[in-house]
Amino acid sequence: MASVVFDKSGTLYSPIVGKVRVVPSTANLFYVVMKSVEGAKVARFQRGIYVSTSADLGGEGPEFRLTGYGVMSSYDLPPSVFTRWVADEAGAFDMVGRNAANVRFGSYHGLGPSGTLNSESIMVDGIEVSHTLAREGSVFELRNVTTATNGTDVLSRDLSVSTDAGKLKLTVNAITATGMSLVYFGMPIASGSHFNEIHVRTGLGFTGIPLGVGEADCEFLAAKGMTMRSPSTGLYMAAYGELPSITGFANAWSVKQIQALSFTDRQKSYWYFTSNYGNLVGASINYEWGEGLVGEAAYSVNKLTNTVFSAPEWTYQQGGGNVSVNNGILTMTRTTGAPSNLRAYASIPGVAVGQKYLMAVDFLGRSNSAGTIEAYAGSNTNGSSTSPLPALTIGNSVFDLPKRVVRLFTATQGSPNQAFLVRNASTENLVTQWANPAVYAVAP
């Protein structure tokens, strides 16, 4: 089995020779090519591309911003022809704000009719250059200052994107976020459904898990790094930094989406903040991509001894209807007015109190939107989802559409009491289906 290689700092290892060139294309598009041992890495920058819906500010998109990256076999090839794209879409890669009305500000979501591009510069080795002229040097930097405005709600940011030893570094130089309920900073994208692995780093080591062929919703809390990878092609996108150490940081999150917006299938990761936005000044995140070995990576060991919802490891409570398993699929059929919840739970072997784990399950769907569906890292003593308090609760709102759901948790009970638990607590007729439960130990 092939394995992705990481260096001891937790980043993907890809030695870089160090050389960059700006390649002009059109008035609204240019490329930056970085030389590497494998050949070259390409970043694409565009302007004038934005979305305008009721959830977006819209307006013009006058600033240049990152819209893709990939690899080439040779530094001297034309990137528009020979790039093998890791990300190839117009969505937001950098920074976006969201106000209390859930309207998104900045980048792909627009600056709004009253928004402005305050300043912009493109530099090679510290000298300002035109994107319409070819230029070669050692270091590239794009820096722009934009203000996205909607009434009294404002997201103004001074953001730099620079080359750094064969990767891109995004840095916040200044920010004003008035009326924002959250600010995303660091939104790397991997284009295509073949990106179906996620590797997460909370400490020094990476934990890799498969995501399957469908959609996925992964919450990693204070993750310092997330790597999205395609086993079938070897392509990867790694993003990492020290964002969780900044006061105001809220969460790290990664999603796998099928036919997302008007784009192709994709995997996208996010870091976001919900307060103290001024602390982002000086913060940076690294984007590194490339082409590694084809095949599955070295996944973390699944700690569940039985991952197909079947006895004897699994216990079922079905006083509120019926629980059945067929070909690895758990079906819970809740009936109206039944006296108790439907539950399926199993002990997680080898779990230690205070250690971090990833809990994952395929939610295959529900017959209607009534009632409550939940999953827990709960108790194996009585199948309770409330006593003692679970280490993890995945709420009903997550289980809206079929997807693989992955959540990070810290164990509050040791084996055999810490359990994987799903339940259907509806008071109406409701059928739910589940498959492929898993629990992975997180690398320290």
Item to check | Ser107 (side chain) donor-acceptor with Asp94 (main chain) under 3.5 angstrom | outcome: no

Checklist entry - Taking only residues two or more places apart in sequence, or in another chain, which ones meet Tyr69 in a ring pair (Phe, Tyr, Trp, His ring centres under 6.0 Å)? => result Phe93, Trp289

Checklist entry - Is the number of heavy atoms from other residues, nucleotides or ligands under 6.0 Å of Asn102 CG greater than 12? => result yes

Next on the checklist: Going by side chain to side chain donor-acceptor pair (under 3.5 Å), name the residues that satisfy it together with Tyr75, two or more places apart in sequence or in a different chain.
Outcome noted: Glu136

Checklist entry - What do the steps show when you test Asn417 against Asn380 for side-chain hydrogen bond (donor to acceptor under 3.5 Å, both in side chains), and what is the final call? => result CA-CA 5 Å; Asn417 290 335; Asn380 195 44; 6.0 Å; no

Next on the checklist: Regarding Ser121 and Glu128, do their side chains bring together a donor and an acceptor under 3.5 Å, going by distance alone?
Outcome noted: no

Checklist entry - Under 4.0 Å between a Lys/Arg side-chain N and an Asp/Glu carboxylate O for Glu215 and Arg404? => result no

Next on the checklist: Thr116: which residues meet the side chain to side chain donor-acceptor pair (under 3.5 Å) condition with it, sequence neighbours left out?
Outcome noted: Asn118

Checklist outcome for this item: Residues at least two apart in sequence or cross-chain that pass salt bridge (Lys or Arg N to Asp or Glu O under 4.0 Å) with Lys403, listed by chain then number, are Asp400

Item to check | Listed partners of Arg423 passing salt bridge (Lys or Arg N to Asp or Glu O under 4.0 Å), at least two apart | outcome: Glu374

Checklist outcome for this item: Sequence neighbours excluded, the answer for salt bridge (Lys or Arg N to Asp or Glu O under 4.0 Å) partners of Arg65 is none

Checklist entry - Sequence neighbours excluded, which residues qualify as side chain to side chain donor-acceptor pair (under 3.5 Å) partners of Thr393? => result none

Item to check | Reference residue Phe420; test ring-ring contact (aromatic ring centres under 6.0 Å, His included); the match among Tyr376, Tyr345, Phe409, Trp314 | outcome: Trp314

Next on the checklist: Suppose the criterion is side chain to side chain donor-acceptor pair (under 3.5 Å): which pairs have a residue in residues 216-226, not counting sequence neighbours?
Outcome noted: Asp217-Trp253, Asp217-Arg407, Glu219-Asn251

Item to check | Residues forming a side chain to side chain donor-acceptor pair (under 3.5 Å) with Glu120, sequence neighbours excluded | outcome: Asn144

Item to check | ring pair (Phe, Tyr, Trp, His ring centres under 6.0 Å) partners of Tyr277, counting only residues at least two apart | outcome: none

Next on the checklist: Treating Tyr287 as the side-chain partner and Met187 as the backbone partner, does any N or O pair qualify as donor plus acceptor under 3.5 Å?
Outcome noted: yes

Checklist entry - How far apart are the C-alpha atoms of Glu197 and Tyr299, what are their side-chain angles, what is the distance that settles it, and do they pass the side-chain hydrogen bond (donor to acceptor under 3.5 Å, both in side chains) test? => result CA-CA 9 Å; Glu197 278 183 6; Tyr299 297 144; 2.8 Å; yes

Next on the checklist: Does either side chain, that of Thr171 or that of Ser284, offer a donor lying less than 3.5 Å from an acceptor on the other one?
Outcome noted: no

Next on the checklist: Just so I know, are the side chains of Leu392 and Tyr357 near enough to count as touching, which here means a heavy-atom distance under 4.5 Å?
Outcome noted: no

Next on the checklist: Can you list everything that forms a salt bridge (Lys or Arg N to Asp or Glu O under 4.0 Å) with Lys303? Sequence neighbours excluded, please.
Outcome noted: none

Checklist entry - ring pair (Phe, Tyr, Trp, His ring centres under 6.0 Å) with Tyr31: which residues, sequence neighbours excluded? => result none

